[in-house]
Amino acid sequence: MTTFGLPAECGRLIEYDTAADLQELRNAGMLKETMPIGGGSNILFTTGRFNGTVLHCNNTTVNINRSNSSGAVEVYAAAGCNLDMLCAMTCAEGLWGMENLSGIPGEIGGAAVQNVGAYGAEFRDLVKHVICFDPSTGNETTIENADCRYGYRDSVFKHPEGKNLIVTGVVLALSPTPKPNRNYAALAAAFKDTADEKLTPTDFRNEILRLRTAKLPDPAIAGSAGSFFKNPVVSAQRHREISARFGREIPGHIVPAESSDVTEPDVKLSAAWLIDNAGCKGFSQGGASLWPSQPLVIINTCGQATGEDVVALEKRIIQTVRNVFQVELSPEVIHI
Ligand SMILES: Cc1cc2nc3c(=O)[nH]c(=O)nc-3n(C[C@H](O)[C@H](O)[C@H](O)COP(=O)(O)OP(=O)(O)OC[C@H]3O[C@@H](n4cnc5c(N)ncnc54)[C@H](O)[C@@H]3O)c2cc1C
């Protein structure tokens, strides 16, 4: 049930459809020591054993509501709905918003927790609200976008206040009128001669799928959890210091400041560049290795890796980058 394809066992696996199922499980005392799983595309079972209960939502319901007075089209998707399937469906319906997220593995519940992002778009840009089951009260609750506290691969669902919530569905607000997101340079270049009105979301989806295939391993061929590390964010002063020590400017993007009081915005460094330039190319450990065309990805080389191999390789990469750049990498992948 994970895209890494590592051997892993759990105490119990429960698949459910609705909040009523979760209520019944709670009443039977079966929602203790649980861990929700979606497509398992961002999870690493470090020891190969989780003694608790893994919960998976089988509900893939999608409802499209075009009669919204705000002009946006509201799309409800249950937590078990496949993210890329929803991208394909909404693009085919002519709705804008999801196209840049095409090709990301996983399910809607996981996307809402992780705030997935790619090619200049993030899931939070689309979320109206997230519907959750709260095992502590036994009730379903709706969390508005602003209260999801979305950040870079972050949300309230990853912090103590929201960690115990089980996402059962999401309502997205999509645009029926053209709203192409050309923020990513390769997309801007691909469509530079085409006016917005001449484009369809499926044009963008197809281009994104083409770009992704060239860069990322297909989990069916080489198990992985996508980008293993987050791009580290440092202060502008720190960026100057490490660039001076390295002898040339370390590539990075300015992070737009959230407040006007900030005089110098932070800089997001490329973890892939740091890993490459720290000399990690070709690193492997047991059955785990770095993906040659994207050093941010750790793969299960011949399907023989264990969680321990991946953790040992992760530690070696973090240590090497620390030694060369004095920058601390942190994993995007959730460790269980
Ligand atoms: C080849 C590849 C490419 C990838 N590319 C990208 C990319 O471009 N951008 C990007 O952002 N990510 C990318 N990822 C990472 C991954 O696909 C996303 O993080 C995805 O959203 C995870 O969804 P999932 O359903 O697989 O979640 P899982 O991995 O199953 O779970 C992730 C977390 O969410 C929690 N969770 C899952 N479902 C629920 C629920 N219903 N209620 C509460 N908590 C829940 C889990 O407990 C866990 O903490 C990639 C992964 C792979 C393998």
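As the structure lists them, so they are numbered: ligands from 1, and atoms in each ligand from 1. Since the model is a prediction, treat every value here as computed from it, not as a measurement.
No cation-pi contact links R182 to F191, judged by a cut-off of 6.0 Å to the six-membered ring centre and 45° from its axis.
Within the 4.0 Å heavy-atom criterion, the part of V113 lying near ligand 1 is the side chain and not the backbone. When heavy-atom distances to ligand 1 are checked against a 4.0 Å cut-off, I104 comes that close only through its side chain, counted from C-beta outward. Residue N42 touches ligand 1 through backbone and side chain together, judged by heavy-atom distances below 4.0 Å. With a heavy-atom cut-off of 4.0 Å, K158 does not touch ligand 1 at all. At a heavy-atom cutoff of 4.0 Å, ligand 1 is contacted by the backbone of L165 but not by its side chain.
Heavy atoms of G40 approach ligand 1 to within less than 4.0 angstrom. Residue contact check for ligand 1: R153 places a non-hydrogen atom closer than 4.0 Å to it.
Here the heavy atom of the protein found nearest to atom 49 (O) of ligand 1 is I334 CD1, 3.1 Å. The protein heavy atom nearest to atom 1 (C) of ligand 1 is P217 O, 3.6 Å.
Atom CG in L13 sits 8.5 Å away from atom CG in L55 (nearest 0.5 Å).
Evaluated by nearest non-hydrogen atom to atom 10 (C) of ligand 1, the leading choice among G117, G38, P36 is G117. In this structure, of I299, T34, V167, the residue bringing a heavy atom nearest to atom 43 (C) of ligand 1 is V167. When G162, C132, A118, S41 are ranked by how near their heavy atoms come to atom 23 (O) of ligand 1, first place goes to S41. Nearest-heavy-atom check against atom 38 (N) of ligand 1 across A112, A225, G110, G223 picks out G110. Closest to atom 5 (N) of ligand 1 by heavy atom, among R212, M1, E122, Q294, is R212.
Between F325 and F246, the two ring planes are tilted [angle within 30° to 60°].
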S136 and D134: CA distance, side-chain angles, deciding distance, side chain to side chain donor-acceptor pair (under 3.5 Å) verdict: CA-CA 5 Å; S136 63; D134 184 346; 2.6 Å; yes
Worked verdict on Q326 versus R245 for side chain to side chain donor-acceptor pair (under 3.5 Å): CA-CA 10 Å; Q326 284 80 51; R245 203 177 309 117; 2.3 Å; yes
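Looking at ligand 1, you won't find any N or O of T3 less than 3.5 Å from one of its N or O atoms.
At least one donor-acceptor pair under 3.5 Å links the side chain of R124 to the backbone N or O of Y150.
If you number the atoms of ligand 1 from 1 as listed, the ones under 4.0 Å from a heavy atom of G106 come out as 23 (O), 24 (P), 25 (O), 26 (O).
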